[in-house]
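Structure first, then comments.
What you see is a predicted model; the values in this text were computed from it and never measured.
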Amino acid sequence: KKLVEVYQSEKNYLQVARVWRRLIQVREAEEGVENSELLELWKEMTRLLQDTVEDQDNETQQHLISAFERALQLIDVPSEAHRSLSQDYIKCLSKLPHEVAKLKEVCDATLSRYPTHSYPLEALSEHYIRTGQFSCFSRLSELDPNNSHAHFGLGIKACQDKKYEDAIKSISLGLKRMRSSIIGWYNLALAQLKMHKYSDSATASTELLSSHPGSVEGLTLKGLVHVAKEQHKQAEESFLEALSGSPDNGELFFLMGRLFWNMGEEMRRDRSKAHTHLLKAAKLDPYLGSVFRFLGHYYREVAKDQGRARGCYKRAFELDSSDAESGAATVDLSMEQGDMDSALTVLQSVTERATPGSAKWAWMRRGLYHLKIGQHQQAIADLQAALRADPQDWVCWECLGEAYLNRRSFTAALKAFDKAHTLQPTSIYSLYQTAAIKQILGRFKEAAAEYRQILEQEDYVPALKGLGECLEYLCFILALKQRPDLSCLWKLLGDACTTSRTVSPNRAKVLVPGALCGMDPLDQGHTLDQRQLLTLGERCFGRALKLMPEAPSLWCDLGLNYYHQSRLLSCLNPEEDQQPLLEKAIQCVKKAIMLDSANHTYWNALGVVSMAKGIENFALAQHCFIKSVKAESNNVVAWTNLGALYLKKGNIELSHEAFKIAQSLEPLYVNCWIGQALIAESVGSYDTMDLFRHTTELSTHTEGVKGYAYWVCSTLLDRSNRDSEIYLYNIVQMNAVSAAQVALSKYTERVQTDPDAFIMLGYLNTHLQLRKQATEAYRRAVELLQASPHTDKLSFALRVYGRALSDDGRWEEAVRIYSSTPLEELHDLIGLALAYFRIGRMPESVQAYEKALAVASSEKEKACILTALALIQHRLGNIDHAKTLLFKCSMLKEPVSESLQCLCSLGLVHGEVTLASATLTELLKLGEHVGGAVEERCLLTCTLLALQGNYSGVHREAARAIHRNPGNPSLWALLSRLVPQYCPNKAKVSILTSRALLYSGVNQLASGRHSGEDRRHNALKTIQRAVLLCPDDPAGWAGLMAACHTENTACLLQGSAPRREDLERAHMTLVSEKVKGLQAEDGLLAQALEGWVLQQAVTGLKQSGQYDQAETLCSQVLSVSPEQPVVFLMLRQVQCERLLLSDAGNCVPPAVLDQLSAAVMANHTSVSAWHWLAEVYHSQGLLAQASVAYRQSLQLASQLGDHIGKMSSLLQLALLALMPCLVNSGHILWKDLVLEASNEVLKMGSSPVALLFQALLQFSIKMGARETRRLLEKIVYASASGGSETIASVARWYLLRHLHAKDDLELIDTLLVNATAEGDSRLVDFHRRLYPSS
């Protein structure tokens, strides 16, 4: 006890706890000790330590907590003593922020035993007020109605709920008993500020400063009051004064930044001051979301850096999901930058957890997105949800009306726009849409009145147009009602109805009054289709002719109306007889000519009708066109029609002359150019495509567009003409594919009943990689052909539709489409088989391929199908069957390179060198043109060489392939991957390809190039550029993680502090996010990358001494996926290394070593695991066991074909054996082991490390021998040619010792010159110590 008093006086609380704990242990060991005595000892320990708990270290605090818990176990329950001790325990825990969980646990236990006791709730309330949780205040208020903490908590909660009056009332009640509460005065002032009670808020801040002079909270309140009063200068002074008392307060820096952001005009022009303070706030308090919101404002509005702005808004929203402004800005910027997936992810996450009547901004934006992409029903649902949150938002009502309008729900749209106009009477758009909808519904008078209302406010052009249309309609109807005896009115109406012929039949829908079209009810409008409109036009012309029977123009118009009816009938119902309509058309036009034979348009019209199918009176047509030309010599239409007649009859020369005259009369008349293109097509002219292209430039004529698209598709299908001059000009130079695709898209919008056009459009879209558009075009073609008798066309359309679905990744639908074909064509069967394969239905895929094999006609087709079957069998695990199929391919007369490549790859994967070598020889015999891609053959050759152990040949083969094909980027990429694995000493070469930066960075990592060697050209700089160019590549982030680890390691080796610590978690999280995109493409690669990143993170944490975090990380992964031996091994490594660093690390128990060995053996493919186990054995002085572990790793590396692992194992083994030799305690076996291992390394390739080991072995055997000097000089003076400077420095050290022993001053001087030139200051210093006088 005296010793405890001494430690207590010295404030050495840890020793107080340890000594008293030892006293209790001694008493517990004695027999007959009463629990009451032990209880008093434990209570005395709590009394000794509880008053100074905040000044104690963690171990002392844990001793105190243990004392309380032991005392509570020994005391009677329930009792006053137990309650009092529990209260002391709670008071102690409330002073320890890191013991929140235990505080809650003890408080809950105390409340359950003493439910009328308020102190536990009071302690919890203090914690909840600080953390913003409000779960216990109501209960505390019930137990103690006058408790100030309860009033404060209820008031703060009311303030958050924007019930400011309730907040002021509750907090004021709390302040009656706790006048000096900083929390109370601070939150009271904030509530008063929200209610704009500035004088009351100023009083509260003054009261706070009087009770706590100079308090940061009081000064902050004072500043906020000044801000509310727009007294910016005084606010700045208050905040600065508060910052002087709390210079690391991030919230104060934020308030300063916000103040500068909102200051006067001069400060608004220069936002740098606000930016500086906001950055400082973000650095000091990275969890304050509002800081990042204002930083987002700065980057968006001032710096114009939308990327950074988006990142800041995203961070602000992640920190505070209720921050609607940041969330909306994140979504808006994502949409502006085209990242719709990220925007939708944010909106989806918000709307999923939103309660009814909340998250208006998210519902609104998602509704607008769905409105934009045409998902009108979803848009309506989202916009309705937004309106539940704010029914008075007139903009949202307008958007809802737009969605209803696009869905053609006119009545609902009308109500929505009416509501928007009611809320915002000045909105022209809502009023215009109301009028437009009424116009659509046939309420022309109401529409016209609203159009006039708009025009009274401004000259709004759409309103002028709408008003004109309404008035025209009203005037026209009124005119017909007033003067039905005017022939001109009926002619106008007939012309209007006949004009509908120019649009597609399914698009011609016109609202016509019932009185006009003769349909009931007469006072309402009726929607007529194209055929009904033409019939109505016929009736109107008939009514006009009754009034003016001798008007030739009316007879001609009526005849053309009959002609157009017959054409529509032949299109919609080919089986229906259109001859009566054509006869009527002929008679009507003849009647017009009889009345006015000098009019050229009547003759031209008669010629056109005479050529119609069903009449085909070509002699009459020729006569009519000639009469039309004679009547009007500058008649371009008649000349063109005459040319078309001659072309139809096969008279090319006369047709060409007629078209040529038409071209001279009107060079921009597209029909005559189409005629010339058809002539060129019939005679096989090279100018055909160019002429059709010219017609598409003049205008979008259906015949010209379809002709041009046909020629573009035909040229693309002919793969033999890719290098011809015609192809290069017509397709490449004239950008024919895009031009034809655009023209044909316009054609299909206008003519939606042409399946041939949709098939060609699908082909062009496929060529342009527009997969979704191609799929849609083929779908339309299939729909049109299903109702037609052309089964061959339908089969073809189904085939290309199935292929388009496969290209788009919609394999299930592709199976359905292919199954609907007759499955007699080879392409149908192959497409079905591939689709089955993609969805994992292997047996069905095999059956389909076998059927295709029976249908295949050529040797090449059979070889390809057999290869596909072999791949499936390999996937199913039937290796022998796969080999048999591939052997069959190789026995065919025309073997294909793909089958030989598969057979070679099969041999390589399963380690069958003979099979792989023989197959590769056959593959190379095919030559470059037949043998497939150069890089594939190079890869196979390099793999075979590596499997044979010829590692130097791997590099030479890749270099040889590049020498023959220097412009092939894939070969350069392959070489960049091979170099660090097989020739790390040559990894400094920079290789520039599409992934050049990443590969080059990996090469620099392999060669050990860090910023300490070259600040400009190093692995970190290179990989940073790679990540900047491709931020979504997880491999880039993994490389960056490795580069940062390399930089930290280099700093530690140089004796400086690492500058890139604590980045492991961030990099690991980034890679985990980015790797999700790889899951669908390559799940194994994604899994391997995540595993590697975890190992790298654990390694980095261990290096920085953060063993707790490393152990926690491994435990977290194992809690999610317990069956991971690699992670379990990492956990054991962390625990073992921490044990080795402790005092007990000098002697690790055998049981622990056995556990480590078992963990390593569970990772049967990890060479590095055996290396680590060997190092553990070595640290315990168990050299024999370490040697066995290195031999195990060598055996494993040889089995895996791991060149680097094999070389590393041999070098580690040599180093292990060298260590006892250097201290002259090495047995002859160790010396032999050094030579054996190093010689094996040298057989694999040049290795300066192996040469160094041999030189050091010779040094240990006979330091003064000439052979020793020769070996060391070989390393030292060879370093200038590209060897490692570290190895050379070690060799210089031992060479200097050798020369010093021989006293060879001349060679020492030479060595010193070399060291100085290479910057080896370590050797120079060593020389100075050996020769102090020199």
Side-chain angles (χ1 to χ4, degrees), residues 984-985 1008 1053 1178 1181 1183-1184 1186-1187 1190 1194 1207-1334:
N985 57 324
L1053 291 174
H1178 190 193
L1183 298 186
S1187 173
Y1190 280 132
L1194 178 60
M1207 181 177 286
S1208 175
S1209 298
L1210 287 168
L1211 288 173
Q1212 294 276 17
L1213 189 59
L1215 179 60
L1216 176 71
L1218 181 62
M1219 298 301 288
C1221 298
L1222 289 176
V1223 296
N1224 296 321
S1225 62
H1227 191 270
I1228 186 66
L1229 294 177
W1230 292 117
K1231 297 175 182 178
D1232 293 342
L1233 184 57
V1234 174
L1235 286 174
E1236 180 187 355
S1238 58
N1239 284 330
E1240 286 296 321
V1241 172
L1242 292 172
K1243 288 178 184 178
M1244 298 171 66
S1246 62
S1247 174
V1249 179
L1251 293 174
L1252 177 64
F1253 288 170
Q1254 291 185 352
L1256 296 182
L1257 177 63
Q1258 178 63 31
F1259 182 89
S1260 68
I1261 296 171
K1262 194 171 183 180
M1263 182 179 71
R1266 182 177 298 177
E1267 180 66 12
T1268 301
R1269 191 187 81 187
R1270 186 186 70 80
L1271 291 173
L1272 289 171
E1273 284 181 341
K1274 182 179 179 181
I1275 299 170
V1276 169
Y1277 298 113
S1279 65
S1281 61
S1284 170
E1285 176 56 28
T1286 304
I1287 296 171
S1289 178
V1290 175
R1292 285 192 204 99
W1293 181 278
Y1294 283 95
L1295 181 58
L1296 180 57
R1297 289 178 59 186
H1298 165 80
L1299 296 175
H1300 176 67
K1302 302 289 286 185
D1303 199 22
D1304 194 334
L1305 298 178
E1306 183 178 352
L1307 290 179
I1308 289 175
D1309 291 341
T1310 304
L1311 180 62
L1312 196 60
V1313 171
N1314 174 267
T1316 306
E1318 296 296 332
D1320 192 350
S1321 58
R1322 184 169 170 267
L1323 185 93
V1324 174
D1325 183 59
F1326 185 34
H1327 175 267
R1328 190 178 300 113
R1329 293 186 182 187
L1330 290 175
Y1331 300 95
S1333 59
S1334 60

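Note that CG of L1252 is 12.5 Å distant from NZ of K1274, once rounded to the nearest 0.5 Å. In this structure, CG in L1311 is found 8.5 Å from CD in E1273, a value given to the nearest 0.5 Å. Once rounded to the nearest 0.5 Å, the distance linking CG of D1309 with CG of N1314 reads 12.5 Å. L1272 CG to R1269 CZ: the interatomic distance, rounded to the nearest 0.5 Å, is 10.5 Å. L1323 CG to L1312 CG: the interatomic distance, rounded to the nearest 0.5 Å, is 7.0 Å.
A heavy-atom distance below 4.5 Å is not found between the side chains of Y1190 and L1210. Using a 4.5 Å cut-off on side-chain heavy atoms (C-beta onward), L1256 and C1221 make no contact. In this structure, the side chains of S1187 and L1213 come closer than 4.5 Å at one or more pairs of heavy atoms. Between L1251 and L1271, the closest side-chain pair of non-hydrogen atoms is not below 4.5 Å. Contact of the E1318 side chain with the R1292 side chain is registered, since non-hydrogen atoms from C-beta on lie closer than 4.5 Å.
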Donor-acceptor contacts, no H, no angles, side chain residues 1233-1243, under 3.5 Å, sequence neighbours left out:
{"unit_1": "S1238", "atom_1": "OG", "unit_2": "V1234", "atom_2": "O", "d": "2.7"}
{"unit_1": "S1238", "atom_1": "OG", "unit_2": "L1235", "atom_2": "O", "d": "3.2"}
{"unit_1": "S1238", "atom_1": "OG", "unit_2": "Q1254", "atom_2": "NE2", "d": "3.0"}
{"unit_1": "N1239", "atom_1": "OD1", "unit_2": "Q1254", "atom_2": "NE2", "d": "2.7"}
{"unit_1": "N1239", "atom_1": "ND2", "unit_2": "L1235", "atom_2": "O", "d": "3.0"}
{"unit_1": "E1240", "atom_1": "OE2", "unit_2": "K1243", "atom_2": "NZ", "d": "3.3"}

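Nearest heavy atoms, I1287 versus P1248: CD1-CB, 3.8 Å. Considering every non-hydrogen atom in both K1302 and G1264, the closest pair reads NZ-O, 3.5 Å. Of all heavy-atom pairs spanning K1231 and L1257, the tightest one is O-CD2, 3.7 Å. T1268 and K1262 get closest at one heavy-atom pair: OG1-O, 2.8 Å. In plain terms, the two heavy atoms of L1211 and F1253 that are nearest each other are O-CE1, 3.3 Å. Heavy atoms only, all atoms of each residue included: I1275 and A1255 are closest at CD1-CB, 4.1 Å.
Of the possible donor and acceptor atoms, one in the side chain of H1298 sits under 3.5 Å from a partner among the backbone N and O of M1263.
A salt bridge links R1328 with D1325: the closest approach of a Lys/Arg side-chain nitrogen to an acidic carboxylate oxygen falls below 4.0 angstrom.
Taking the six-membered ring wherever Trp is involved, the centroid distance between the rings of Y1331 and H1327 falls below 6.0 Å.
Between Y1294 and F1259, the ring planes lie perpendicular to each other; the angle is over 60°, past the 30° to 60° tilted range.
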